[in-house]
Amino acid sequence: VAKILLSKLHWVLLAGIVAAALVYMAISVFVTPTYESRVSFYVYNSTNNTAQGTINNSDLQAAESLATTYSKILESNSVLDSVLTDIRGETALSRKELNRMVKVSVISDTQLLEVVVTSTDPKLACRIAGAFAKVAPTEIIRITKAGGVEVVDQPEVASEKTAPRTVFDSAIGFVIGVIVISVILVLRMLADTTIYLPEDIECAANVTILGMIPEINITNDACAEWALTEKKNVRKTTRETVRANRKRLLTNESPFAIKEAYVKLRTSLLFCMTADKERPCSTFAITSAKPSEGKSLTAANIAISYAMLGKRVLLVDADMRKPTQRRLWKVRSTAGLCDFLAKISRLELVKVTDLPLWIVCTGTIPPNPSELLSSERMRRFVAESAKTYDYVIIDTPPINTVADAQIISTYVDGVVLVTKSGVTTTDELSDAKDAVLRAGGNLCGVVLNDMNMKSGKYAYKYKYKYGGKYGYKYSYSDPYEAQ
């Protein structure tokens, strides 16, 4: 809970300030200030003893017990009528209105009575309190026939209002605002199953986190030269998506934070072992729980990262339902994996300039992708590719959407799940994990994509590790061109 509140501290403080401001405005507009005037009385039992200046212990005890009786007498209708008679001509108060304005109380463990008069007019409050000071001694003696009261403090005109207590009430409003927004945030965060941080993945699915890919700023000037030139018949939304993704491909001009993130991801993959623990994985299926989580871009950048080491890498687009690699790399060839598996044409590969990276695109979109991917021809293709290339990276459809990724997971050494921060939910990740395991695949781990590294506890690490002079460059030319 504390972690949630600290991450949203600015909202908590803002809610408190807004609540305090609303309380202040409401008090200023709707609440009329009131003022108090007080008069206190000393209660005694014997008038004779008082006159002689001698008061014994029994008189004190009797006077203390009389204080409660006298307080009720001062609230009686006869006393209130006497007060109204004294202030007649100065106000048109009724007995009921006067009764609401007056409060008589006994000061604990003393022989003192206190009359407090509250009014919106400080002078009227003082005048009424003065009338009580004048009327009370006479009325009490008249009713009780013994004892009496003496005025201790005469009333004064109040210089400051007693209500509302603007500062105090505003502070209470601030506290209430903070409490309310804190409860709302905690309930919302507890009910929200969206994945934002690596801790969310660990708690939800108990899987290995292979890497965290920061948000990539596609407005960077260094990336402007990578813009795609799309055909006119491609929808605008598709053109923009592919253009943005192409800017996110690793190059010499990519931000250091991005390059370092993929180096860490590549290092994690280098230590991933096959299901039998006999050797490191060399063929990977890259999938996600649902569409638009960045799996195709992640697959492409993983392939680039391996190629940077001088390894021979084959990138295969096996997403036969919504292929991306062909547009991402501006491949002009129309034949691809589907045509090869259907025995329509020979397999066509394209080479990336200055990198030992080859690409196999989808080719013709088939009506039966699951049947093609589950064929023996596909199994042999993956096996032969593993012998020819150091690493084979296969871009597959979302595993929770169709069964294609489950089929391919049985051909490869390991499966990598891509999740998107702020998009993927823990339930979707758990379903994807279960789908891999049900198919008998070897789940290597999860990649948290598009993570905001400048928030929370990762802010310092991001600034220290990825900033300033800690950059470096790779020895290959760009932009990439498929030949």
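All residue numbers in this chain count up from 1 along the given sequence.
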If every non-hydrogen atom of Ala289 is compared with every non-hydrogen atom of Asn400, which pair is closest and at what distance? O-CB, 2.9 Å
If the threshold is 4.0 Å, N to carboxylate O, is there a salt bridge linking Arg346 and Glu348? no
Search all heavy atoms of Leu373 against all heavy atoms of Tyr411 and return the closest pair with its distance. O-OH, 2.8 Å
For Lys433 and Leu443: C-alpha separation, side-chain torsions, deciding distance, then whether side chain to side chain contact (heavy atoms under 4.5 Å, CB included) applies. CA-CA 8 Å; Lys433 172 189 172 183; Leu443 181 59; 3.8 Å; yes
Nearest 0.5 Å, what's the CD1-NZ distance between Ile213 and Lys264? 10.0 Å
With distance as the sole criterion, is a donor-acceptor pair present between the side chains of Thr274 and Asp276 under 3.5 Å? yes
Heavy-atom count around Arg188 CZ within 6.0 Å, excluding the residue itself: above 12? no
Do Ile302 and Ile304 come within less than 4.5 Å of each other through their side chains, counting heavy atoms only? no
Taking all non-hydrogen atoms of both residues into account, name the closest pair between Ala261 and Met212 and its distance. CB-O, 3.5 Å
Got a second to check how far Glu371's CD is from Met378's CE, nearest 0.5 Å? 14.0 Å
Taking Asp200 for the side chain and Leu197 for the main chain, is one N or O donor matched with an acceptor at less than 3.5 Å? yes
Any side-chain heavy-atom pair of Glu36 and Val117 under 4.5 Å: no
Interatomic distance, Lys259 atom NZ to Ser305 atom OG [nearest 0.5 angstrom]: 11.5 Å
Measuring from atom OG of Ser345 to atom CG of Asp339, what distance do you get when rounded to the nearest 0.5 angstrom? 4.0 Å
Taking the side chain as C-beta and beyond, is there a heavy-atom pair between Trp329 and Leu315 under 4.5 Å? yes
Neighbour count >12 (heavy atoms, 6.0 Å) for atom NZ, Lys161: yes
pair Thr110-Ile107: side-chain heavy atoms closer than 4.5 Å: yes
Indicate whether the side chain of Ser296 and that of Arg327 have a donor and an acceptor atom separated by less than 3.5 Å. no
Does Thr118 reach the main-chain N or O of Ala125 with its side chain, forming a donor-acceptor pair under 3.5 Å? no
Under 3.5 Å, is there a donor-acceptor pair between the Asp413 and Ser282 side chains? yes
Any heavy-atom pair between the side chains of Val447 and Thr419 that's under 4.5 Å? no
Can you check side chain to side chain contact (heavy atoms under 4.5 Å, CB included) on Leu448 and Ile201, steps first, answer last? CA-CA 9 Å; Leu448 182 57; Ile201 297 176; 4.1 Å; yes
Give a yes or no on whether the backbone of Gly445 and the side-chain of Thr208 come within a donor-acceptor separation of less than 3.5 Å. no
Do Ile365 and Cys338 have side-chain heavy atoms sitting under 4.5 Å apart? no
Closest heavy-atom pair, Ser254 versus Thr251, reported as atoms and distance to 0.1 Å, is OG-N, 2.8 Å
Is Arg377 positioned over the aromatic face of Phe340, cation under 6.0 angstrom from the ring centre and no more than 45 degrees off axis? yes
Does the side chain of Glu156 pick up a donor-acceptor pair with the side chain of Ser37 at under 3.5 Å? no
More than 12 non-hydrogen atoms from neighbouring residues, nucleotides or ligands closer than 6.0 Å to CE on Met273, yes or no? yes
Donor on one side chain, acceptor on other, Thr425 and Asp427, under 3.5 Å: no
Does Glu160 CD have over 12 foreign heavy atoms under 6.0 Å away? no
Please name the pair of heavy atoms, one in Ile258 and one in Pro214, separated by the smallest distance, quoted to 0.1 Å. CD1-O, 4.0 Å
Could you give me the CA-CA distance, side-chain angles and deciding distance for Gln406 and Ile399, then say whether side chain to side chain contact (heavy atoms under 4.5 Å, CB included) is met? CA-CA 7 Å; Gln406 287 181 287; Ile399 196 166; 3.8 Å; yes
Of the non-hydrogen atoms in Asp404 and Pro369, which two are nearest, and what is the gap between them? OD2-CB, 3.9 Å
Return the CG to NZ distance between Leu429 and Lys290, rounded to the nearest 0.5 Å. 11.5 Å
Could you tell me whether a side-chain N or O of Lys351 sits under 3.5 Å from a main-chain N or O of Leu355, the two making a donor and an acceptor? yes
When you check the gap from the basic side-chain N to the acidic O, do Arg326 and Asp317 get nearer than 4.0 Å? no
Any side-chain heavy atom of Tyr24 within less than 4.5 Å of one from Leu22? no
Assess whether side-chain hydrogen bond (donor to acceptor under 3.5 Å, both in side chains) is satisfied between Ser375 and Arg380, documenting all intermediate values. CA-CA 9 Å; Ser375 64; Arg380 288 201 306 270; over 6 Å; no
Given the options Asn449, Thr396, Asp319, Lys295 meets side chain to side chain donor-acceptor pair (under 3.5 Å) only with Asp319
Stepwise side chain to side chain contact (heavy atoms under 4.5 Å, CB included) check, Gln325 with Asp395: CA-CA 8 Å; Gln325 300 297 338; Asp395 180 11; 3.2 Å; yes
OG1 (Thr283) and CG (Asp390) are apart, to the nearest 0.5 Å, by 12.5 Å
Evaluate the side-chain proximity of Ile394 to Val392: yes if any heavy-atom separation is below 4.5 Å, no if none is. yes
